[in-house]
Amino acid sequence: MPAPYSYDLRSKAIAAVKRGKKKIEVSRFFKISRNTLDLWLKKERETGDYQASRPVGVGTQPKIQEKRKI
């Protein structure tokens, strides 16, 4: 699984769009896809922040549970 983009990169890209730069120019400058930039902007509109989501429950749980030591 690839690592998410840094918060610093996200904030710089979103700030550039808010300053009036075109989305395609920002995406080329920061070497991110236009869709990624659109998703960050959508997430900011909906939640107020564009922090990367943390994965919930990555991997499988072991079938055998360890017994509690007394």
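Only a predicted model underlies this, so the values are computations on that prediction, with no experimental measurement involved. Hydrogens, waters and symmetry mates are skipped; everything else that's a heavy atom, side chains included, is used.
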Practice item. Taking atom OH of Y7 as the centre, report whether more than 12 heavy atoms of other residues, nucleotides or ligands fall under 6.0 Å from it. Key: yes
Exercise for review: Among residues two or more places apart or on two chains, list those pairs meeting salt bridge (charged side-chain N to carboxylate O under 4.0 Å, His left out) that have a residue in residues 39-48.
Suggested key: K18-E44
**Study point:** Chi angles and distances behind the side chain to side chain contact (heavy atoms under 4.5 Å, CB included) call for V26, K22
**Key:** CA-CA 6 Å; V26 173; K22 292 183 180 180; over 6 Å; no
I'd like a table of donor-acceptor pairs (distance under 3.5 Å, sequence neighbours excluded) in which one partner is a side-chain atom from residues 30-39, with atom names and distances.
| unit_1 | atom_1 | unit_2 | atom_2 | d |
| --- | --- | --- | --- | --- |
| S33 | OG | T36 | N | 3.0 |
| S33 | OG | T36 | OG1 | 2.7 |
| D38 | OD1 | K23 | NZ | 3.2 |

**Study point:** With sequence neighbours excluded, residues passing side chain to side chain contact (heavy atoms under 4.5 Å, CB included) with A15
**Key:** R19
Exercise for review: Write down the atom of Y50, the atom of W40, and the distance for their closest heavy-atom approach.
Suggested key: CB-O, 4.0 Å
